[in-house]
Amino acid sequence: MRLSLAFLSLFSAALATRPFLNEPDTAIEDVLGDTPEGTLPDLENILGLPDFEWAARRYLNASSYTYYRNGAAGEWSYRNNLEVYGRFRFRPRVMVDITDIESTLPTTILGHNFSAPFFISPCASAGLAHPDAETNFVKAAHEENILYIPALYATLSMDEIAAAKPANSSQVLFQQAYLNSNDTATQELFDDAERLGAKAIVWTIDSAADGNRLRADRYGVGSADADYTLSTWELYAKLRNMTSLPIILKGLQAVEDIKLAIEHGAPAVIISNHGGRQLDSSPSPLEVALEVYQEDPDLFNQIEIFADGGVRYGADVLKLLALGVKAVGLGRSFMYANAYGFEGVQKAIQVLKREIAIDAGNLGVPDLKEIDASYVKWTNNGWYS
Ligand SMILES: Cc1cc2nc3c(=O)[nH]c(=O)nc-3n(C[C@H](O)[C@H](O)[C@H](O)COP(=O)(O)O)c2cc1C
Ligand SMILES: *[C@@H]1O[C@H](CO)[C@@H](O)[C@H](O)[C@H]1NC(C)=O
Ligand SMILES: *[C@@H]1O[C@H](CO)[C@@H](O)[C@H](O)[C@H]1NC(C)=O
Ligand SMILES: *[C@@H]1O[C@H](CO)[C@@H](O)[C@H](O)[C@H]1NC(C)=O
Ligand SMILES: *[C@@H]1O[C@H](CO)[C@@H](O)[C@H](O)[C@H]1NC(C)=O
Ligand SMILES: *[C@@H]1O[C@H](CO)[C@@H](O)[C@H](O)[C@H]1NC(C)=O
């Protein structure tokens, strides 16, 4: 008895101290470890999305890397965003004809056709990684036919970003915005977005107050949106009246708010905790999507529900899609890939497309549109739960 208790406490101590792996060990250090600091390994050596972080961490200066990498406070949400995908196991099916899976990746986002169910989430300051800044995202998104949502606090202006679209192309961009109660400024922003051909506004509402960004503040690269900001459903009703563009809400984290968004006529929402950068202990997008699914899976049919945070592998994308999420966003992976410029961003997109297809194939999904919650065992197998 005493022995087994001792064993048990040793065992749980071992569980409690299992280290967090910001960059899982896939031998990149063994193979590319002699890459000199401040230089990038050849792009052909980059195999998965986490490799871009490994490369960017050694290539960017400490303040730029920190601005991208930062999470709020103790970074529990940042870590949970990454780890949550590992807590839920798939239920793979076999003897299914999945040979056509690649042709089923295309999807629509608010009626616009795209080649895959993922997008480049809005992230400020792409210029910290590459002199061409957001231009690389526009071009790679065009080349690979995925959605890019430029951030309001981009390095380049909205005009410069729109000008990076190929001449006369029908490329679809949505414009992210932080909005306050200054209607004049809001109207100018909406008018600029319409003039420049944006097809939707993405209003970020998860940052009502400043983010507690210790890691970033150490380097003087904290949040650019530091004020207390008024965001209410009344303001949303007024804003919808000020533009012909649909206004997507980004940063919902509870099923009640998704229901309210539907009641208030939102065409779409993005479940997000801002990549764990805003409120520490805020839930990961997978946990929120599961909450929505368990409350009422039909909510996923009533409006388009997107999600972002912690997605690093095709398998992560599949788990969100399985619950009914229509498309999935990635922030940091693309910011790190941008250290390589256009080619890096394009490669990141191609890597994720391939992973989604092969993982769906191994999961026994014949058509990505038909993935559903039965492909995952929704019991938390957490090491930390
Ligand atoms: C460097 C950086 C800057 C960001 N800037 C913005 C922003 O300006 N507006 C916004 O809505 N979200 C911003 N985000 C949040 C992203 O849109 C997205 O929610 C988050 O990065 C997703 O998590 P991931 O990085 O794990 O993919 C930023 C994220 C990062 C990493
Ligand atoms: C989107 O794809 C559908 C189905 O393939 C097609 O009918 C439609 O014309 C496409 N729309 C645009 C704007 O390309
Ligand atoms: C880090 O790099 C960025 C982008 O090149 C530059 O703007 C910034 O000044 C650099 N910071 C330091 C501390 O060197
Ligand atoms: C773009 O369209 C305009 C008007 O339709 C046309 O005059 C112009 O030549 C086109 N530019 C290119 C590069 O195709
Ligand atoms: C509101 O925005 C306009 C346009 O950007 C600006 O000129 C004005 O000073 C702002 N008003 C306040 C009270 O900040
Ligand atoms: C929207 O605009 C219409 C017409 O200008 C106006 O009657 C209505 O009160 C506005 N609604 C809101 C919520 O501002």
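Counting convention: from 1, in listed order, for ligands and their atoms alike. Note that the numbering runs from 1 along the sequence shown for the chain.
- Heavy-atom proximity to Ser272, at under 4.0 Å, picks out these atoms of ligand 1: 19 (O).
- For atom 15 (C) of ligand 1, the nearest non-hydrogen atom from the set Gln176, His274, Met335, Arg69 comes from His274.
- Geometrically, ligand 1 and Gly329 share no nitrogen or oxygen pair separated by less than 3.5 Å.
- Ligand 5 lies under 4.0 Å from heavy atoms of Asn182, Ala185, Glu188.
- An N or O contact shorter than 3.5 Å links Tyr178 to ligand 1 by distance.
- Counting only residues at least two apart or on different chains, no salt bridge (Lys or Arg N to Asp or Glu O under 4.0 Å) pair has a member in residues 302-315.
- If you check each of Ala151, Pro122, Gly251, Gly331 against atom 17 (O) of ligand 1, the one with the closest non-hydrogen atom is Pro122.
- Looking at residues two or more places apart in sequence or on another chain, you find a side-chain contact (heavy atoms from CB on, under 4.5 Å) between Leu239 and Leu179, Thr186, Phe190, Trp203, Leu235, Met242, Ile247.
- With hydrogens left out, the protein atom closest to atom 3 (C) of ligand 1 is Ala124 N, 3.4 Å, a heavy atom.
- Rounded to the nearest 0.5 Å, atoms NZ (Lys250) and CG (Leu252) are 11.0 Å apart.
- Atoms of ligand 1 lying under 4.0 Å from at least one heavy atom of Gly309, given by number and element, are 22 (C), 23 (O), 26 (O).
- When Arg277, Arg213, Arg215 are each tested for a salt bridge (charged side-chain N to carboxylate O under 4.0 Å, His left out) with Glu75, only one passes: Arg215.
- The main-chain N or O of Val138 is found under 3.5 Å from a side-chain atom of Gln171 such that the two form a donor-acceptor pair.
- Applying the under-4.5 Å side-chain rule to Ile, Leu, Val, Met, Phe, Trp and Tyr, the cluster around Tyr313 consists of that residue alone.
- Of the protein's non-hydrogen atoms, the one nearest atom 11 (O) of ligand 1 is Thr204 OG1, 2.6 Å.
- Relative to the six-membered ring of Phe52, Arg332 misses at least one condition, a distance below 6.0 Å or an angle of at most 45° to the axis.
- Lys139 NZ to Glu143 CD: the interatomic distance, rounded to the nearest 0.5 Å, is 11.0 Å.
- Residue contacts with ligand 1: Arg277 is placed with no nitrogen or oxygen under 3.5 Å of a nitrogen or oxygen of the ligand (distance criterion only).
- At a 4.0 Å heavy-atom cut-off, ligand 1 does not touch Tyr153 at all.
- Counting the atoms of ligand 1 from 1 in the order shown, those under 4.0 Å from a heavy atom of Arg312 are 24 (P), 26 (O), 27 (O).
- Between Tyr68 and ligand 1, no N or O atom pair is found at a separation short of 3.5 Å.
- Looking at ligand 1, you'll find an N or O of Asp308 within less than 3.5 Å of one of its N or O atoms.
- Ala56 approaches Tyr336 most closely through the heavy-atom pair CB-CD2, 3.7 Å.
- Taking each heavy atom of Leu152 and Gln176 in turn, the nearest pair found is N-OE1, 2.8 Å.
- The distance criterion of under 3.5 Å between nitrogen or oxygen atoms is not met by Cys123 with respect to ligand 1.
- Using a 30° and 60° split on the angle between ring planes, Phe118 and Phe334 fall in the parallel class, below 30°.
- Within ligand 1, counting atoms from 1 as listed, the ones closer than 4.0 Å to a heavy atom of Leu330 are 27 (O).
- For NZ of Lys326, the number of neighbouring non-hydrogen atoms (other residues, nucleotides, ligands) closer than 6.0 Å is greater than 12.
- Protein heavy atom at the shortest distance from atom 12 (N) of ligand 1 is Lys250 NZ, 3.0 Å.
- With Gly310, Pro285, Ala307 as candidates, the residue nearest to atom 26 (O) of ligand 1 on a non-hydrogen basis is Gly310.
- Shown in contact with Arg332 at under 4.0 Å from a heavy atom are these atoms of ligand 1, numbered in order with element: 23 (O), 24 (P), 25 (O), 26 (O), 27 (O), 31 (C).
- With a heavy-atom cut-off of 4.0 Å, Glu53 does not touch ligand 1 at all.
- Heavy atoms only, all atoms of each residue included: Ser272 and Asp206 are closest at O-OD2, 4.1 Å.
- Between the side chain of Thr204 and the backbone N or O of Tyr178, no donor-acceptor pair lies under 3.5 Å.
- Atoms CG and OG, on Leu320 and Ser284 in that order, are 8.5 Å from each other to the nearest 0.5 Å.
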